[in-house]
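Here, residue 1 is the first one in the sequence, and each next residue gets the next number.
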Amino acid sequence: MFSARRLAAVLACPLLMLAAAACTPDASHQDAKPPSSKPSDSSSAGKNGTLGLSDAVGRLKVARESRAGYERDKFHLWTDADHDGCDTRKEVLLAEAVKKPRQGRGCKLTGGSWRSYYDDKTVTDARKLDIDHVVPLAEAWDSGASKWTPERREQYANDLDAERSLVAVSLGPNRTKGDKDPAEWMPPAKDATCTYLADWVSAKLRWKLTVDGPEQTKLQLTAAACPSTKVTFTPAP
């Protein structure tokens, strides 16, 4: 069985390059990985739907963060939930490929190419890509995941049902990012700002994660420069 993310990628693949060229979230700005362009109605969006970026930031709860007790191993990574032989990492690589890799036995991937939107670079070797949790595991722990069950942390770490939670990006910017939030790190590609904030806010809303004071301030200030950027999210089950 395909994950929702992979099925969508299979259906949309022939139009990928055309859609990427056509999306312009802001009049003066083209995002490297454009967010949804569905119309926003903040008065009727309720707990889920599509919102303007500033409205979405306003829905985030502010709270103090604590990293006490965090260990990366408390998030079980790269499972194969649908038992098709491809773990979460491989599923993201297949879904986000600009040129599809060849898929061999045991889901071994060869060839293919990807666009790393953090640094606006094309990568042709899957080994030079990380699968980034847009909201890092440690940041998720600080923001509410410390209170979750191990099963829910595993669900978060392998979230293939939300297109914005996991992204394939170059090793360099991802390693520099580490566990930082937007107050501490932003993607180096100038056209990635609005997209990254939309991804970040979408993931936090989906998983009901909080933000701290500096993080909220950064989100509010930067969102003001992205008036046409939309945030689409569905609460995690």
Pair Asp181 + Lys218, salt bridge at N-O below 4.0 Å:
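Between Lys218 and Asp181 there is no salt bridge, as every charged N stays at least 4.0 Å from the carboxylate O atoms.
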
Presence of salt bridge, Asp87 and Arg89, under 4.0 angstrom:
no

Between Ser113 and Thr124, a side-chain donor and acceptor under 3.5 Å
no

Are [X] and [Y] packed together at the side-chain level, in the sense that at least one heavy-atom pair is separated by less than 4.5 angstrom?
X: Leu60; Y: Gln216; result: no
X: Pro182; Y: Thr222; result: no
X: Thr88; Y: Leu160; result: yes
X: Tyr156; Y: Ser165; result: no
X: Trp207; Y: Phe233; result: no
X: Pro237; Y: Gln155; result: yes
X: Thr193; Y: Pro187; result: no
X: Leu221; Y: Leu219; result: no

Side chain to side chain contact (heavy atoms under 4.5 Å, CB included) between Arg153 and Trp141, intermediate numbers included:
CA-CA 9 Å; Arg153 286 195 288 270; Trp141 178 273; 3.8 Å; yes

Distance (rounded to the nearest 0.5 Å) between [X] [atom1] and [Y] [atom2]:
X: Ser202; Y: Leu53; atom1: OG; atom2: CG; result: 10.5 Å
X: Arg64; Y: Asp212; atom1: CZ; atom2: CG; result: 10.5 Å
X: Asp142; Y: Leu209; atom1: CG; atom2: CG; result: 10.0 Å
X: Asn174; Y: Ser116; atom1: CG; atom2: OG; result: 8.5 Å
X: Ser143; Y: Lys208; atom1: OG; atom2: NZ; result: 15.5 Å
X: Asp179; Y: Arg67; atom1: CG; atom2: CZ; result: 5.0 Å

Under the side-chain hydrogen bond (donor to acceptor under 3.5 Å, both in side chains) test, which residues partner Arg72, sequence neighbours left out?
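Partners of Arg72 by the side-chain hydrogen bond (donor to acceptor under 3.5 Å, both in side chains) criterion come out as none, since no residue qualifies.
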
Checking Trp148 now: which residues fulfil side-chain hydrogen bond (donor to acceptor under 3.5 Å, both in side chains) with it, not counting sequence neighbours?
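Partners of Trp148 under the side-chain hydrogen bond (donor to acceptor under 3.5 Å, both in side chains) test: none.
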
Any chance NZ of Lys74 has more than 12 other-residue heavy atoms, nucleotides or ligands included, within less than 6.0 Å?
yes

Measure from the side-chain N and O atoms of [X] to the backbone N and O of [Y], and report whether any donor-acceptor pair falls under 3.5 Å.
X: Thr232; Y: Thr50; result: no
X: Arg206; Y: Thr234; result: yes
X: Arg115; Y: Val98; result: no
X: Asp199; Y: Ala203; result: no
X: Ser170; Y: Pro173; result: no

Take Leu129 and Leu93 through the test side chain to side chain contact (heavy atoms under 4.5 Å, CB included) and record every step on the way to the result.
CA-CA 9 Å; Leu129 291 164; Leu93 290 172; 3.8 Å; yes

Can you give me the closest heavy-atom contact between [X] and [Y], atom names plus distance?
X: Ala183; Y: Pro214; value: CB-O, 3.7 Å
X: Ala56; Y: Leu51; value: CA-CD1, 3.9 Å
X: Cys86; Y: Gln103; value: SG-NE2, 3.3 Å
X: Trp114; Y: Pro101; value: CZ2-CG, 4.0 Å
X: Ile131; Y: Leu166; value: CG2-CB, 4.1 Å
X: Ala168; Y: Val92; value: N-CG1, 4.1 Å

I'd like to know whether Lys177 forms a side chain to side chain contact (heavy atoms under 4.5 Å, CB included) with Val169, so could you lay out the CA-CA distance, the side-chain angles of the two residues, the decisive distance to 0.1 Å, and finally the verdict.
CA-CA 11 Å; Lys177 172 187 172 180; Val169 295; over 6 Å; no

Partner residues of Trp78 under the ring pair (Phe, Tyr, Trp, His ring centres under 6.0 Å) criterion, sequence neighbours left out:
His133

In this structure, which one of Lys61, Lys180, Lys204 forms a salt bridge (Lys or Arg N to Asp or Glu O under 4.0 Å) with Glu215?
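When Lys61, Lys180, Lys204 are each tested with Glu215, the salt bridge (Lys or Arg N to Asp or Glu O under 4.0 Å) holds only for Lys204.
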
I need the single residue from Thr195, Asp130, Asp132 that forms a side chain to side chain contact (heavy atoms under 4.5 Å, CB included) with Tyr118. Which is it?
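Answer after filtering Thr195, Asp130, Asp132: Asp132.
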
Determine whether Glu91 and Asp84 satisfy the following criterion, side chain to side chain contact (heavy atoms under 4.5 Å, CB included), listing intermediate values before the conclusion.
CA-CA 10 Å; Glu91 295 279 13; Asp84 67 348; 3.0 Å; yes

Are Val62 and Leu197 connected in a single hydrophobic cluster, I mean Ile/Leu/Val/Met/Phe/Trp/Tyr linked by side-chain heavy atoms less than 4.5 Å apart?
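Yes, Leu197 connects to Val62 through the hydrophobic network.
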
